[in-house]
Amino acid sequence: MFPYPSGAGLHVGHPEGYTATDILSRFRRAQGFNVLHPMGWDAFGLPAEQYAIKTGQHPRITTNQNISTFKRQIRSLGFSYDWSREVDTTDVEYFRWTQWIFLQLYNAWMNPKTGRAEPVSSLPIPASLTSEDERRAYVDARRLAYVSEAPVWWCEALGTVLANEEVIDGKSEVGSHPVTRKPMRQWMLRITAYAERLLEDLNSIDWSDSLKEMQRNWIGKSEGAQVEFKVEGAEARITVFTTRPDTLFGATYMVLSPEHALVPSLTTAAQRTAVEAYRNEVSKKSDLERTELSKEKTGVFTGAYAINPVNGARIPIWIADYVLATYGTGAIMAVPAHDTRDFEFAQKFSLPVVQVVAPRGTEDWKGFTGDGTAVNSASADVSLDGLATPEAKKKITQWLEARGIGAKTTQFKLRDWLFSRQRYWGEPFPIIWKRNASGAVSHQALPDASLPVVPPPLDDYKPTADGQPPLARAQSWVSLPDGSNRETNTMPQWAGSCWYYLRYLDARNSARFVGADVEAYWMGTSGSDSRKASKGVDLYVGGTEHAVLHLLYARFWHKVLFDLGFVSTPEPFHKLVNQGLILGEDGQKMSKSRGNVVNPDDVLKEFGADAFRLYEMFMGPLEMVKPWNTQGVEGVYRFLGRTWRLFVDEGSETRYEQGTAAEPHREDEFLSAIALQSSIRDEAATSAQLKTLHACIKKVTEDLEGLRFNTAISAMMVFTNEAMNWPVKPASVLADFLVLLQPFAPHIAEEPPASAFTPPGSPDIDGPGLSALADL
RNA sequence: GCGCACGUGGCGGAAUGGCAGACGCGCCAGACUUAGGAUCUGGUUCCGUAAGGAGUGGAGGUUCAAGUCCUCUCGUGCGCACCA
């Protein structure tokens, strides 16, 4: 995953994944593969903007400085990136395509018949809609990018709205600031239309179980039924969602969320005061208080009763904040005998508890939530008694369906993606707002030809006094000659990172976001490259922190582009590996406040890039969380020293060191006088020597296939330790060993006189190579 | 509470069900050195002078054979968290 170039510079965690993929890239190139190994910058974001607010300096300047720091540091590590493919999400030539992809979403709808996104031009509009406004509203309500007025997460401290995924325990993911619920007009992306496919296709990709599980939990599919309840003495019907329709006979009361639309009309005169008071109280609670802090159940009786459709029982309707307005239908049937939350509530308010499921073993039926056998579940019309839970569910659902009062349904926790932010340093939307003759305001996409939409220059990057996004300050930019106005929100940082891996494939294409042939070749669908086994990116390495953000959003965009025929694979990343966090030497997470941050520049200065690379890989398995240990760096540094002396005559090395110290200007001359070990001869290897070499080749090859870099390095250490003791060192054996070492430690492996052994070439390398090793 | 990982020397960590502790750090002893925080050699799981014994968080089980597989249990990390 490409980095956000922060002002703090590279962290030792960044090169962990980068080293792993660089080693693998060099290894695959040596095997004859074409390898695409790129780097870029996820450079929109808040820090540069906040710095701009404070100092008035344009975020472009800060961003460029940070990128050049990151680039210098990354280059010094000797990664074999193809810099001709470098991307920067804040570059107009990049974000014009981010805007273009947004327009594809805007101009698409999900066809329920085909299960695929299609251009809105294919959307059938009911003939009954005759006016232009009606027809437009119909289409707008079905676009994959749409405008919503719903309550959203607002963060006062950050001065912007946030997506569900960016809110953790009622606080902002960035900076842990409090967030509140606030109704605002916002752009949304219809990711929920892809919930089923995002879930299903996890089975086709090679990701870790824990990561897939996180995505599954976030998508949160649950299968059950909707059931309609009549309200006594009223026309209104209450629809609930339940995963346990088989327990319908045990429903002894109902609960609506306090925000439920029917609450005011259901409430009886006698209960009105209590209900209003409760609703008021709940609305004042922050979300944090509603979830974390209130363990004790609360609620109020509305005075109304519903009729249980299976047995005609009259059951009270309550409101309680343990029922969420935003999930399912915002109403539940409560079965206290077999649901923990309902049980707690029933205990507190002395509501009846009726057993309808018998556990198989000796467990107490009260509060039993597992599968068992249905009991006490019979009426004149239907009986579930004696049926196992799955059969009982099936039977009752069919019964409800037959009567038109219920249906099998599937619910998802996943919500649509809130896609707009009140920021300056982000992609402007290619959207304008128009007021028509009747005074109605509507949005309209700008044509492709008007891309890129570039943000205007500003003197002040703060939101306006009346709470408008910063872009609203640029009146001349916002107001267009025809009287329409530009959208002043910008896209979230995730937008640019949703598709950068595609831009790498064809980074300088000015006619298309990625060329079709190029895309098919690298993603493995062109058929001309039989060596590529998987479809999509072969290996994607990054941290777990993006498990439900970047990785879900990117999969969603990719599927939309797939449906519309712009990419050839249904999934973007075939194999994904999460590198484990690197902790400080004290075993704590690295942070400035703890003072345990290791700066890669310091390590490089002392030990060189090869030792740094080697140590990062030798610490332990890539995926594991592990603490940094400077003495461990010394260990691999000593290994590189031993390997160097395996090849180099120590006398000539000493002459180089002493000569250079005395007469620095003659360094090149002394360098070229460094001689090979006299024990290296052009002789045939003994069988024992070949065995040592071949064991090393086998181990390193197999371990690289399995991404076990730490054990591959240990195998090379074993080889060096043994070869040091050989009285005669066959040149052919050492040359083969260098081929193995080169992906890990490219600088030393290509230094003279080692290069006399014709190691494989590699793209240009910068950084401290010999200079860091010369004083071994 | 639920889900997913994971528990091995002083430390980081190795071990297709087949000699536990590879490799590295640290430590101990020695060599070379004016010097050593360089380098080289040997040693280093624990108990025991030794012979020998014990040993992969704990308790059971499967197996000719278990760090590895199964059950329970304790602990750590990560994720989700009133999602009906």
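The figures that follow rest on heavy atoms only: side chains count, while hydrogens, waters and symmetry mates do not. Just so we're on the same page: letters track the sequence lines, and every chain starts at 1.
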For the side chain of [X], counting heavy atoms from C-beta on, which of [options] is nearest?
| X | options | answer |
| --- | --- | --- |
| F618(A) | A84(B), C23(B), A14(B) | C23(B) |
| V718(A) | C40(B), C23(B), A84(B) | C23(B) |
| R645(A) | C4(B), A14(B), U39(B) | U39(B) |
| S210(A) | A84(B), C4(B), G12(B) | C4(B) |
| M214(A) | G13(B), G79(B), G3(B) | G79(B) |
| R638(A) | C25(B), G24(B), C82(B) | C25(B) |

D610(A) and Y637(A) side chains, donor-acceptor separation under 3.5 Å: no
Does any donor atom in the side chain of K408(A) or T397(A) lie under 3.5 Å from an acceptor atom in the other side chain? no
What is the pairing partner of [N], taking Watson-Crick or G-U wobble pairs with both distances under 3.5 Å in any strand?
| N | answer |
| --- | --- |
| G18(B) | C64(B) |
| U49(B) | none |
| A29(B) | U41(B) |
| G3(B) | C78(B) |
| G36(B) | none |

Counting heavy atoms not belonging to K348(A), are there more than 12 under 6.0 Å from its NZ? yes
To check you understand the geometry: which heavy-atom pair defines the closest contact between [X] and [Y], and what is its length?
| X | Y | answer |
| --- | --- | --- |
| P336(A) | P352(A) | CG-O, 3.4 Å |
| A320(A) | P258(A) | O-CD, 3.3 Å |
| T239(A) | E228(A) | OG1-CG, 4.0 Å |

Need one value for [X]: base, sugar-phosphate or nothing, where a base atom within 4.0 Å counts as base even if backbone is also close, heavy atoms only.
| X | result |
| --- | --- |
| N725(A) | sugar-phosphate |
| D342(A) | nothing |
| T326(A) | nothing |
| V240(A) | nothing |
| S714(A) | base |

Between D209(A) and G632(A), which residue's closest nucleotide on RNA chain B lies nearer the 5′ terminus?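 Nearer the 5' end of the strand: D209(A).
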When you match K221(A) and N629(A) each to their closest nucleotide on RNA chain B, which lands nearer the 5' end? N629(A)
Nearest whole Å is fine: how far is [N] [atom2] from [X] [atom1]?
| X | N | atom1 | atom2 | value |
| --- | --- | --- | --- | --- |
| M619(A) | A14(B) | CE | P | 12 Å |
| N721(A) | C40(B) | CG | C1' | 12 Å |
| M724(A) | C23(B) | CE | P | 15 Å |
| M624(A) | C78(B) | CE | C1' | 13 Å |
| E722(A) | C23(B) | CD | C1' | 13 Å |
| E634(A) | U39(B) | CD | P | 9 Å |

May I ask you to verify if any side-chain N or O of [X] is less than 4.0 angstrom from the OP1 or OP2 atom of [N]?
| X | N | result |
| --- | --- | --- |
| N217(A) | C4(B) | no |
| T711(A) | G13(B) | no |
| R708(A) | A14(B) | no |
| R642(A) | G24(B) | yes |

Measuring only the P atom in each nucleotide, how far is C69(B) from C4(B)? A whole number of Å is fine. 16 Å
What is the ring orientation for F719(A) with F737(A), classed by angle as parallel under 30°, tilted 30 to 60°, or perpendicular over 60°?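 The rings of F719(A) and F737(A) lie parallel, inter-plane angle below 30°.
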With syn defined as a glycosidic torsion within 90 degrees of 0 and anti otherwise, which applies to G37(B)? anti
Answer yes or no: side-chain N or O of K212(A) and base N or O of C4(B) forming a donor-acceptor pair under 3.5 Å.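 Not at all, since no donor on one side and acceptor on the other fall under 3.5 Å apart.
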